Undergrad: 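Questions regarding the structure given below will be posed in turn.
Only heavy atoms go into these numbers, but all of them, side chains included; no hydrogens, no water, no symmetry mates. Lettering follows sequence order; numbering is per chain, from 1. This structure is a prediction, so every number in the text was calculated from the model and none was measured.
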Amino acid sequence: MTTYNSNEIKRIEAKWQMFWDENKVFKAEARSDRPKYYVLEMYPYPSGKLHMGHVRNYTIGDVMARYRRMQGFNVLYPMGFDSFGLPAENAAIKNKTSPRVWTDNRMQDMVAQMKAMGLSYDWSRFLYSHSEEYYRWNQWIFIQMFKRGLAYKKKSLVNWDPADQTVLANEQVIDGKGWRSGAVVEKREIEQWFIRITDYAESLLRDLDKLENWPERVKTMQRNWIGKSYGTTIKFDVVDAQGKKIDELKTFTTRPDTVFGIEYVVLAAEHPKCKEWTIGKANESEIASFIKEVTKRSLIDRLGESSDKNGKPLGVYVINPVNGRRVPLWVADYVIMDYGTGAVMAVPAHDQRDFTFAKKYGLPVSVVIRPVDHAILNAADMTAAFVDAGIMVNSQQFDGMSSPDAMAAISQWMESQGFGERTVTFRLKDWLISRQRYWGTPIPIFYDDDGNPQPIPEDDLPVRLPEDVEFGRGNPLATSGSFRYYVDKTTGKKYRRETDTMDTFFDSSWYYMRYTDLNKDRPFHPDITNYWMPVDQYIGGIEHAILHLLYSRFFTKFLRDLGLVKFDEPFKRLLTQGMVLLNGEVMSKSKGNVVDPDAIIEKFGADTLRVFILFAAPPEDQLEWDDNGVGGSWKFLTRVWSLIYDRYQPADDRLKDAEITGPARDMERARHEAIKNVSEDFELYKFNTAISSLMVLLNQIDKFTAQNPADQAVLNRACRTVLLLLAPIAPHLCEELWQKIAGQEDTISRAAWPKFEEAMLKRDQVKIVVQVNGKLRGQFTAAADAGEATLKQMALADERVKVFVEGKEIKKFVFVPNKLVNIVVS
RNA sequence: GCUGGAGUGGCGGAAUUGGUAUACGCGCUGGUCUCAAAAACCAGUGUCCUCACGGGCGCGAGGGUUCAAAUCCCUCCUCCAGCACCA
């Protein structure tokens, strides 16, 4: 017998990886009578090498894919790369190469590692977003959005790095400086491209309810992100110091019950009216410099931990429409322009922010709701705002009402009076997709003579990334001689071209549909895509809970509205795997606490790595790396190897269930139990307990000795079952034994998943546990399905039980069939 | 602060239609084999009392419901994650 050692493993694993590849074992059928199943992992960024997080992600997906194939599904299980993005460009600058060369090399390395892990991808469907065939259709989708008004350009305040000449994301600004250049970042108002995802806010929120097999956590995060709130928009007359009406202003509130307590109204610094209303006034320059100062600070800075609030009175006033009171208008840094209307009615008595602000600037506080259990709430004594529900006071006809009732009554009344309107507001903002960077999909737009954006004709797609560019000084596209102009083919006229590229989240919002049909002449074929989609099982990190998963849902709804697809949610079942930790900390290169998957594969093989990563923790939990645990997984596979080698003997396996008796019957029952447990666990991704069930079965095999040919047949069955159940988890070892020992001709990857029979799980004798007053006092074996009377008699005959029952009155006898009895005594 | 999730041996974790708490694995202890070590194999391993038989106590804390609670209810504590001046 060959021993299962490092060298042997390398030979076996390489052998089967080559076999799978050459025989296209995992190729998905284009059309099939079999039911389809689409398993997908979030495609990775080609960072260089696989880390344990990838290993965990792909191992889970691979087990699901292999399991479904064995169950008879036509499985689609593809892989690709999210290969555009800033790191490639930075690496290219650093290493004096092109982003394309750098990226292609990284991808090649990672594909080799994926193959070494034995992942059963259909490599004929490989894709990557920097291929022209892919980004061409990215551009096409963008144009469809543009044509329908969903992609638009608007001025927006962004982080500008003056050294690198590019816009930076908020995450790339550290302590007010660019992360790479170290230059102090400026705030600039620049025209940017946005996608009107807010048009879909309502359906993105509503359809979360359809996603029964998504983690509650992810759905909650998306709900919070979309942030729907019901409230009232109130219209105020704006008057000057003399009381003359000069304009109107709208505010949004979720607390219409507090309108009688308004003491001032605040505008965000970005609100255009701040400047307009102070032009030519004495405070014009004071206000202008305040606005400049506030807007200069980054959003993170402004809304950070500090609860310090700053503001200035504008010198104009508004009239509260509910009681005719004139209150001052302020500008302050605690109001956000892009939520609601950018203007807020301030009620210091009943909102903590307004309270803090009012105290700081000596503004009055007036109570309009009192606590239910206090007759009075005195504004002078308040140290914090009263934000709970209560009883209305100082609110005219609404006095005495409960504040929740008043909320409805007041908004209704304001609506009938014409100055209020019930409104729904979302926190979700439009998606800024333009980047002043090279390594991304060029936005397919040119500007006509009037400067209006026009789509590049679809015949001219793709808008290719030029190769003859210079890196290191801002966006190479903006300085490229060949790229900057679009030439109309028929007229020969030159137009200025859009030189921004797209956020890579745009690329990743539909790649899962592209896998279903990689034809170069279309993004995908509706019929084929409708066959495969939605993705039945999607697996990825929780860090994408909002961005990627929300954008993908949006794309799906958009493409459905275009009539291209028939489904409206892309991912039926979602699994978010937990992080891999070392000594309680997330593995990261910068911390230097990484375990290299290659090193583990080198020493123990891919199968051991796969077993460990699945066995160490349930997939959604954090996983603590443990070298000893890896040793345990290794030992388990070694036992499978040597035990099956040792025990499997050619025998006549034709055997009727009825002929199986004695210890063989127990062996056979253990086999059926294992099939049941593993199958059920796989459905719920409980791979850790599935493996433990396999260990239990293996222990049973170890204990069982075959006395005759019938026993041997039973033993052989058990051995084959171990291989079949373990095949999705440790495929190389199982293929080898399946062929070599069990003498099977076809690959185990195509073998049928075993079935169990309920009848075989039944026992003739069952263990009955005896409790006295709920405490465990004894146990005995009885015939299955024995009646209450029999069990009572047997329980009372137990010596230990007697001690606790003797001399006492039996008040009650509790009986759980085939499980336990409980004798209740006084 | 809001939202979601979780607290079980020395460790990773099982067990939730209420019914033998700690499956499976790691570690540890003892043993077999060996000149020795490693590997492998066998036995033991919640805790306290007891030579032992056996018993008390044990699933974050406290209470409750029940014949019976890790599981259901109430109050509280701790940890993790996400969001956070959203009006």
Side-chain angles (χ1 to χ4, degrees), chain A residues 3 5 215-225 227-229 231-232 251-255 258 265-266 268 302-309 332-336 338-347 350-354 356-357 387 425-429 542-543 545-546 576 578-579 611-612 615-618 620-633 635-636 638-639 642 677 686 688-699 702 767-779 800 803 811-825:
Chain A
T3 47
N5 59 39
E216 205 49 50
R217 182 158 72 127
V218 174
K219 288 193 274 186
T220 307
M221 281 163 77
Q222 292 212 356
R223 272 188 203 104
N224 292 344
W225 187 263
K228 184 178 186 177
S229 45
T232 307
T251 66
F252 172 76
T253 183
T254 53
R255 291 294 304 272
T258 64
V265 168
V266 221
R302 254 172 81 189
L303 308 182
E305 75 283 6
S306 122
S307 59
D308 187 37
K309 296 168 178 46
D333 58 1
Y334 76 96
V335 176
I336 299 162
D338 47 13
Y339 181 75
T341 61
V344 176
M345 57 172 238
V347 184
H350 305 293
D351 181 281
Q352 189 53 46
R353 293 154 303 184
D354 300 342
T356 310
F357 192 80
V387 296
T425 303
F426 293 95
R427 293 175 58 184
L428 182 69
K429 289 164 194 138
I542 186 75
E543 68 272 19
I546 296 170
T576 51
M579 304 234 199
V611 168
F612 169 72
F615 184 59
E620 307 211 65
D621 290 9
Q622 294 194 329
L623 184 153
E624 176 69 29
W625 184 264
D626 175 15
D627 285 329
N628 286 321
V630 178
S633 301
K635 202 154 89 178
F636 166 60
T638 312
R639 283 188 71 211
S642 52
N677 291 340
K686 289 162 68 177
N688 55 332
T689 49
I691 292 170
S692 89
S693 294
L694 278 165
M695 288 171 169
V696 169
L697 177 58
L698 198 69
N699 291 342
D702 199 0
K767 192 162 78 176
I768 302 291
V769 166
V770 188
Q771 295 180 337
V772 178
N773 286 346
K775 283 197 184 291
L776 179 69
R777 296 302 181 189
Q779 59 178 47
R800 250 173 88 199
V803 176
K811 298 186 98 168
K812 195 172 176 182
F813 186 80
V814 182
F815 159 73
V816 181
N818 294 331
K819 215 160 212 173
L820 99 164
V821 295
N822 186 13
I823 304 160
V824 185
V825 297

Undergrad: Please state whether the phosphate of B:rG55, meaning OP1 or OP2, lies under 4.0 angstrom from any side-chain nitrogen or oxygen of A:R800.
TA: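 So the side chain of A:R800 is within the cut-off, an N or O lying under 4.0 Å from OP1 or OP2 of B:rG55.
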Undergrad: With a non-hydrogen cut-off below 4.0 angstrom, is A:K819 in contact with a base, only sugar-phosphate, or nothing?
TA: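 Contact class for A:K819: sugar-phosphate only.
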Undergrad: Taking a pair as Watson-Crick or G-U wobble with both distances under 3.5 Å, which nucleotide is matched to B:rU47?
TA: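 B:rG56 is the nucleotide pairing with B:rU47.
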Undergrad: Given B:rC26, B:rC41, B:rG13, which nucleotide is nearest the side-chain atoms of A:A617?
TA: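 Nearest listed nucleotide: B:rG13.
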Undergrad: What is the distance from CG of A:N677 to P of B:rA15, rounded to the nearest Å?
TA: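 In whole Å, B:rA15 P lies 11 Å from A:N677 CG.
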Undergrad: Could you tell me whether the side chain of A:V769 reaches within less than 4.5 Å of the side chain of A:K819, counting heavy atoms only?
TA: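 Side chain of A:K819 against side chain of A:V769, heavy atoms only: no contact under 4.5 Å found.
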Undergrad: Once you apply a heavy-atom cut-off of 4.0 Å, does A:G227 come out as touching a base, just sugar-phosphate, or nothing?
TA: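 Contact class for A:G227: none.
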Undergrad: With a non-hydrogen cut-off below 4.0 angstrom, is A:Q771 in contact with a base, only sugar-phosphate, or nothing?
TA: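 Base, at least one base heavy atom under 4.0 Å.
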Undergrad: Where the side chain of A:K812 is defined as all heavy atoms beyond and including C-beta, which of B:rC67, B:rU20, B:rC83 is the nearest nucleotide?
TA: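 Looking only at heavy atoms from C-beta outward on A:K812, the closest nucleotide is B:rC67.
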Undergrad: Examine the base of B:rU20 for any acceptor or donor lying under 3.5 Å from a partner atom in the side chain of A:K767, and report the outcome as yes or no.
TA: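 Counting by modelled atom types and ignoring angles, a donor-acceptor contact under 3.5 Å is found here.
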Undergrad: Please give the distance between the P atoms of B:rG55 and B:rA21 as a whole number of Å.
TA: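 Roughly 13 Å separates the two P atoms.
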Undergrad: Given that both distances must come in under 3.5 Å, which nucleotide forms a Watson-Crick or G-U wobble pair with B:rA6?
TA: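 Paired with B:rA6, as far as the under-3.5 Å criterion goes, is B:rU78.
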Undergrad: For A:R217, answer base if it contacts any base atom (sugar-phosphate contacts may also be present), sugar-phosphate if it contacts only those atoms, and nothing otherwise; contact means non-hydrogen atoms under 4.0 Å.
TA: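 The answer is sugar-phosphate, as A:R217 gets under 4.0 Å only of primed atoms, P, OP1 or OP2.
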Undergrad: For A:R800, enumerate each residue passing the salt bridge (charged side-chain N to carboxylate O under 4.0 Å, His left out) test, keeping only those at least two apart in sequence or located in another chain.
TA: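 Scan of A:R800 (salt bridge (charged side-chain N to carboxylate O under 4.0 Å, His left out), adjacent residues dropped) gives none.
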Undergrad: So what does A:V769 touch, heavy atoms closer than 4.0 Å: a base, only the sugar-phosphate, or nothing?
TA: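 Base: the residue A:V769, judged by heavy atoms under 4.0 Å, touches a nucleobase.
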Undergrad: Roughly how far apart, to the nearest Å, are B:rU45 and B:rG60 at atom C1'?
TA: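 B:rU45 and B:rG60 have their C1' atoms separated by 25 Å.
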Undergrad: Looking at the side chain of A:K635, which of B:rA87, B:rC85, B:rC26 is the nearest nucleotide?
TA: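 Comparing B:rA87, B:rC85, B:rC26 against the side chain of A:K635, the answer is B:rC26.
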Undergrad: Using the side-chain heavy atoms of A:W225, tell me which of these nucleotides is nearest: B:rC83, B:rU20, B:rC24.
TA: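 It is B:rC83.
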Undergrad: Report the nucleotide, chosen from B:rC85, B:rA87, B:rG19, that has the shortest atom-to-atom distance to any side-chain atom of A:V816.
TA: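 From the listed options, B:rG19 comes nearest.
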Undergrad: Can you tell me if A:Y339 touches the phosphate of B:rA87, counting only side-chain N or O atoms and a distance under 4.0 Å to OP1 or OP2?
TA: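 Yes, within the criterion.
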Undergrad: Suppose you measure atom C1' in B:rG62 against the same atom in B:rG25; what distance do you get, rounded to whole Å?
TA: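 Straight-line distance between the two C1' atoms is 35 Å.
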Undergrad: For a quick test of reading the model: is some side-chain N or O of A:N688 closer than 4.0 Å to OP1 or OP2 of B:rA14?
TA: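 Yes, such a contact exists.
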Undergrad: If the C1' atom of B:rU20 is compared with that of B:rG46, how far apart are they to the nearest Å?
TA: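 It comes out at 16 Å once rounded to the nearest Å.
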Undergrad: Is the distance from OP1 or OP2 of B:rA15 to the nearest side-chain N or O of A:K686 less than 4.0 Å?
TA: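 A:K686 to B:rA15 OP1/OP2: side-chain N or O found under 4.0 Å.
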Undergrad: Please tell me which of the listed nucleotides, B:rU20, B:rC67, B:rG19, lies nearest to the side chain of A:V824?
TA: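 Minimum distance to the A:V824 side chain belongs to B:rC67.
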Undergrad: Give me the distance, rounded to whole Å, that separates B:rG4 from B:rU8 when you measure between the P atoms they each carry.
TA: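 It comes out at 22 Å once rounded to the nearest Å.
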Undergrad: Between B:rG19, B:rG82, B:rA87, which nucleotide has the shortest distance from any of its atoms to the side chain of A:I336?
TA: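 Closest of the options to the side chain of A:I336: B:rA87.
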Undergrad: What nucleotide, of B:rG12, B:rG19, B:rA87, holds the atom closest to the side chain of A:V814?
TA: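 Closest of the options to the side chain of A:V814: B:rG19.
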Undergrad: Parallel, tilted or perpendicular, judged at 30° and 60°: which one describes the rings of A:Y334 and A:F357?
TA: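 The arrangement is tilted - the two ring planes meet at 30° to 60°.
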Undergrad: Taking any strand in view, what nucleotide pairs with B:rG1 in a Watson-Crick or G-U wobble way, both distances under 3.5 Å?
TA: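 Pairing partner: B:rC83.
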Undergrad: Counting only Watson-Crick or G-U wobble pairs whose two distances fall under 3.5 Å, which nucleotide matches B:rC11?
TA: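 Checking every strand shown, B:rC11 finds its partner in B:rG25, with both distances under 3.5 Å.
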Undergrad: Both distances under 3.5 Å, Watson-Crick or G-U wobble: report the partner of B:rA40, or none.
TA: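 Check on B:rA40: paired to B:rU32, both distances under 3.5 Å.
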Undergrad: Establish, with yes or no, whether the OP1 or OP2 oxygen of B:rG25 is under 4.0 angstrom from a side-chain nitrogen or oxygen of A:N699.
TA: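 Answer yes for this pair, as a side-chain N or O of A:N699 is under 4.0 Å from OP1 or OP2.
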Undergrad: For the C1' atoms, the ones on B:rG13 and on B:rG31, what distance do you get once it is rounded to whole angstrom?
TA: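 Going atom to atom, C1' in each nucleotide, I get 29 Å.
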Undergrad: Just call it for A:P618: base, sugar-phosphate, or nothing, with non-hydrogen atoms closer than 4.0 Å on any strand.
TA: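 Sugar-phosphate, backbone atoms only, no base.
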Undergrad: What does A:V696 touch in the nucleic acid at a heavy-atom separation under 4.0 angstrom: a base, only the sugar-phosphate, or nothing?
TA: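 Result for A:V696 = sugar-phosphate.
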Undergrad: Counting only side-chain N and O atoms of A:K775, is one of them less than 4.0 Å from OP1 or OP2 of B:rA21?
TA: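 For B:rA21, neither OP1 nor OP2 has a side-chain N or O of A:K775 closer than 4.0 Å.
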Undergrad: So what does A:Q622 touch, heavy atoms closer than 4.0 Å: a base, only the sugar-phosphate, or nothing?
TA: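 Sugar-phosphate only.
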Undergrad: Of the options B:rA87, B:rC85, B:rC83, whose atoms approach the side-chain atoms of A:V335 most closely?
TA: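 Among B:rA87, B:rC85, B:rC83, the one nearest the side chain of A:V335 is B:rA87.
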Undergrad: If the P atom of B:rC49 is compared with that of B:rU66, how far apart are they to the nearest Å?
TA: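 B:rC49 and B:rU66 have their P atoms separated by 36 Å.
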Undergrad: To the nearest 0.5 angstrom, please state how far the CD atom of A:E620 sits from the CD1 atom of A:I542.
TA: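 Rounded to the nearest 0.5 Å, the CD-CD1 separation comes to 8.5 Å.
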Undergrad: When all nucleic acid strands are considered with a 4.0 Å heavy-atom cut-off, which category describes A:K219: base, sugar-phosphate, or nothing?
TA: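 Contact class for A:K219: none.
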Undergrad: Is there a side-chain polar atom (N or O) of A:N628 under 4.0 Å from OP1 or OP2 of B:rG27?
TA: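 Answer yes for this pair, as a side-chain N or O of A:N628 is under 4.0 Å from OP1 or OP2.
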Undergrad: Partner lookup for B:rC72, please. Criteria are Watson-Crick or G-U wobble with both distances under 3.5 angstrom; report none if nothing qualifies.
TA: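 Answer to the pairing question: B:rG64, which forms a Watson-Crick or G-U pair with B:rC72.
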Undergrad: Taking the C1' atom of each, how far is B:rG30 from B:rU16, in whole Å?
TA: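 That atom pair is separated by 38 Å.
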Undergrad: Closest to the A:A616 side chain: B:rG12, B:rC41, B:rC24?
TA: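 When the side chain of A:A616 is considered, B:rG12 is the closest of B:rG12, B:rC41, B:rC24.
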